[in-house]
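Encoded as structure tokens, the structure appears first; notes follow it.
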Amino acid sequence: MIDETANVTRLGQRLARERQARLEAEEISERATRKLYDAIRERDATATAVAELLGAVAAAANEATTMGDALVVALQRVCQYTGWPVGHALGVGAGDPPNIASLGLWHLDDAGRYAQFRAESESRRFPYGVGLPGRVLATAEPAWIPNVTEEPSFLRVAAASQAGLAAAFAFPVIVRSDVRAVLEFFSVDELAIKDDWLRVVAQVGAQLGRAVEREEAEARLMRQGLYDGLTGLPNRTLLMERLEHALLRAARSGTQIDLLFMDIDDFKTINDSLGHTAGDGVLAGVAERLGACIRSSDTVARLSSSMVARLGGDEFAILLENCGDLRIVAERILRALRDPLIVMERETFVSLSIGGASSGTIRTAADLLQSADMALHIAKSGGKDRFEPFVPAMQLTADRRLQLATELRRAVDGDQLRLHFQPELNLIDGRVIGVEALVRWEHPTYGTVPPAEFIPLAEESGLIVDVGRWVLGEACTVVAGWGDDPVLGRLSVAVNVSGRQLREPGLAQTVASVLAETGLDAGRLLLEVTESVLMENDKFAVSVLEELRRSGIRLAVDDFGTGYSSLGALLRLPIDQLKIDRSFVQSLPDDEDAGTIARAVVNLGHNLNLTVLAEGIETEAQLIALREFGCELGQGYLFARPVPKDDVRRVIVELADVGHAFGSVSGGVHQPAPRADTWSPVRSYRPRRPPVRARRAMSGSDDGVPGDAGHS
């Protein structure tokens, strides 16, 4: 009985122990399960918070109007994620190495409490590798400081201590391996490094970097669409937009808008002679000079509203608001271009022609630009390197140009063109050795249209080829028709050939066909090409000239001295004559520079065994100077104006006395030679013996062929 009772007791105790053990095991299992659940829940919450942070930053970067707006959102979200009260964005500046300074973008839980720290931070510029921002800039990696008040490299200790700040971390915003910004954050508690936080904020920096890169790409595309790639100036699109806005402001305020439209004189010549790289250098140099002129124009225009733009090619424009005197600005620009540009380590002289227009009754940007363009054309035609303001009468001129351009083709086909001929003389003995053929347009409504008005239109439209072909055929027909006339039968004829004609296929064949049809000897024809042919170095054009020269036709370089041709180009071309441009002759004898150039051209021509003809001789003083220089041929109003073909014989007969008494000229009438005891500049002149080709030209023959002719 006792044993049975003892067994029951032992069994109860055993069951109690097993029950207790089971309860303890269940409690342990429950605690483990609860801990695992809490860990999973915390992990999910962290993942959710990280996902929310990154999503918010990405959305802000995509939706923000500026990158600054996206940075502000990033500062707010990171502070919210970490629970830290202070966030600050800094931007990387220029320099090598670069430095970094505040962008003025903050998140502050208490602006008053952190005001001193903010002021201290915004007043500093952190060098590369110095301070927390400089360290992140140098390493391009996140950085953590457990307590800034105990960190010797932290530069803002006093302000941070006053604000009660302790821990800090910062991370970079990186675009293609370059740090563009740094975001820094501060806590009031001292905290050890949290690597998981740094990994998260590194992802935030990467997202912001992609957004910055996208914004920069968009800015580049926008700039390419609105700015000139070579000069960095606004282009035509942006100018027109600014013009429209300026006109609206002017209409509201009752003020005036002014526009200068300009281009570089003879820029094609510069490009062709010096090369396109040098041409780009000239454009950049001119753009820089124009910008400097506007920056110094604050006394005549509102500086903040002025704008220099490149419209394309060699064209520039300047928009001015509230300009006191447009001419003052234009003349300042012209003076600024007097000094040479340094292009590819050499001095290059350029000039501008400028047209100006003011808003007044002009209401649209297109009309204002068109008006300035009309004035520019007038400045060009008036001699270049000058300013011309728009006046309403120019619109009539533009309308006339348009009308003439339309009717020019009918002029070629409708027997409205006429040839006039101007004699060319031997300046030594006064004999007429040839004539130059000059085209005139007898318009049924406008009367005689000057060549200076319609030849540019023909060049622009391409009709110059048809006009040139007609002039060549008519000139050869007229001169061949003089036959054995004792006065006219030995004269040569000079005909101008444009650059456009020279590049047309078949020119040599056309000339040969005309000579065959008219029966004119090739040696009596002289073709004049402009100096630009020398500078363009066009191999096709040179080959055409060589073919013409082989056929016996003589060649002259017209308007010599006005371009940039080289001695090498002269040597390469198969030419016979140089013609001194009238601009140098007109300045004789008073202009020493013009005299120096004219004398140099004469000496150059003679040294190259070429004849030299001066065009535009109008006074006795000019004639005397040219003869003293040794120039052997000439033409101009002093001797005779261009006349129709029926008057050529009469004019040359009247000039016959020149061959007997070429000593004194007055008012275009040649007087008898002075007595032997009377001093005469002509008699005192002792020219050096010209080269063989020049002597043959002056004698009226070249191996049995009549002599040279030129251009007026």
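- Of the inter-residue distances, the one linking Met240 atom CE with Leu368 atom CG reads 8.5 Å to the nearest 0.5 angstrom.
- In terms of heavy atoms, Cys79 sits closest to Gly87 at SG-N, 3.7 Å.
- Shortest non-hydrogen contact noted between Ile270 and Asp265 is CD1-O, 4.5 Å.
- Within the structure, side-chain hydrogen bond (donor to acceptor under 3.5 Å, both in side chains) contacts touching residues 137-149 (residues at least two apart or in different chains) are Asn147-Thr149, Asn147-Glu190.
- When side chains are defined from C-beta on, Val157 does not count as touching Val148, because their heavy atoms never get closer than 4.5 Å.
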Inset, instruction - Starting from the C-alpha separation in whole Å, work towards a yes-or-no answer on side chain to side chain contact (heavy atoms under 4.5 Å, CB included) for Leu183 and Val78. - result: CA-CA 10 Å; Leu183 273 62; Val78 172; 5.7 Å; no
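- The shortest side-chain heavy-atom distance between Val182 and Val179 falls under the 4.5 Å cut-off.
- Looking at residues two or more places apart in sequence or on another chain, you find no side chain to side chain donor-acceptor pair (under 3.5 Å) involving Lys194.
- Residue Asp373 holds its CG atom at 12.5 Å from CG of Asp367, rounded to the nearest 0.5 Å.
- Considering only residues two or more places apart in sequence or on other chains, Asn235 meets the side chain to side chain donor-acceptor pair (under 3.5 Å) condition with none of them.
- Counting heavy atoms from C-beta on, the side chains of Leu132 and Phe169 never come closer than 4.5 Å.
- Under 3.5 Å, the side chains of Thr277 and Asp280 contain no donor-acceptor pair of N or O atoms.
- Ring-plane geometry between Phe185 and Phe171 is classed as parallel, the angle between the planes falling under 30 degrees on a 0 to 90 degree scale with a further cut at 60.
- Under the 4.0 Å criterion applied to side-chain N and carboxylate O atoms, Asp263 and Lys380 are assigned as salt-bridge partners.
- Take Arg125 and apply the side chain to side chain donor-acceptor pair (under 3.5 Å) test, not counting sequence neighbours, and it matches Asn99.
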Inset, instruction - Please step through side chain to side chain contact (heavy atoms under 4.5 Å, CB included) for the pair Phe387 and Leu326, ending with a clear verdict. - result: CA-CA 10 Å; Phe387 166 70; Leu326 190 59; 4.3 Å; yes
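- For Phe186 and Phe117, the gap between ring centers is short of 6.0 Å.
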Inset, instruction - Evaluate the side chain to side chain contact (heavy atoms under 4.5 Å, CB included) criterion for residues Asp195 and Arg199: first the C-alpha distance (whole Å), next the side-chain angles of each, then the deciding distance (0.1 Å), finally the verdict. - result: CA-CA 6 Å; Asp195 292 328; Arg199 286 192 295 270; 3.7 Å; yes
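- With sequence neighbours excluded, the residues satisfying side-chain contact (heavy atoms from CB on, under 4.5 Å) with Glu122 are Ser102, Trp106, Arg118.
- Take Val72 and apply the side-chain contact (heavy atoms from CB on, under 4.5 Å) test, not counting sequence neighbours, and it matches Gln76, Leu105.
- Inter-residue side-chain proximity for Glu315 and Arg236 is flagged as met; some heavy-atom pair is nearer than 4.5 Å.
- One distance of note links CD of Glu213 with CD1 of Ile174; it measures 12.0 Å at 0.5 Å rounding.
- Leu259 contributes atom CG, which lies 10.5 Å from atom OG of Ser359 (distance to the nearest 0.5 angstrom).
- Using a 4.5 Å cut-off on side-chain heavy atoms (C-beta onward), Arg135 and Ile145 make contact.
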Inset, instruction - Output, in order, the C-alpha distance, side-chain angles, deciding distance and verdict of side chain to side chain contact (heavy atoms under 4.5 Å, CB included) for Val188 and Trp84. - result: CA-CA 7 Å; Val188 295; Trp84 288 17; over 6 Å; no
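- The heavy-atom pair separating Val343 from Ala278 by the smallest distance is CG1-O, 3.5 Å.
- Listed here is the closest heavy atom pair of Ser153 and Glu151: OG-OE2, 2.8 Å.
- Between Asp258 and Leu260 the shortest side-chain heavy-atom distance does not fall below 4.5 Å.
- Under a 3.5 Å cut-off, the side chain of Arg289 and the backbone N or O of Gly285 do not form any donor-acceptor pair.
- With values rounded to the nearest 0.5 angstrom, Cys293 atom SG is found 9.0 Å from Leu334 atom CG.
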Inset, instruction - Check step by step if salt bridge (charged side-chain N to carboxylate O under 4.0 Å, His left out) holds for Asp228 and Arg310. - result: CA-CA 7 Å; Asp228 174 53; Arg310 182 187 175 203; 3.0 Å; yes
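- A distance-only check finds a donor-acceptor pair linking the side chain of Asp110 to the backbone of Arg113 [under 3.5 Å].
- Side-chain contact check for Arg332 versus Val329: every heavy-atom pair is 4.5 Å or farther apart.
- A distance of 10.5 Å separates CG in Leu320 from CD in Gln256, rounded to the nearest 0.5 Å.
- Here the rule is side chain to side chain contact (heavy atoms under 4.5 Å, CB included) with Leu137, and of Val92, Val130, Leu90 only Val92 fits it.
- Among all heavy-atom pairs drawn from Phe126 and Gly134, the shortest one is CB-N, 4.2 Å.
- Side-chain contact between Met262 and Asp314: absent, with no pair of heavy atoms (C-beta onward) separated by less than 4.5 Å.
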Inset, instruction - Might you work through the side-chain hydrogen bond (donor to acceptor under 3.5 Å, both in side chains) test for Arg156 and Ser121, ending with a clear yes or no? - result: CA-CA 7 Å; Arg156 296 162 284 171; Ser121 299; 2.9 Å; yes
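- The nearest pair of heavy atoms linking Ala309 to Leu239 is CB-CB, 4.0 Å.
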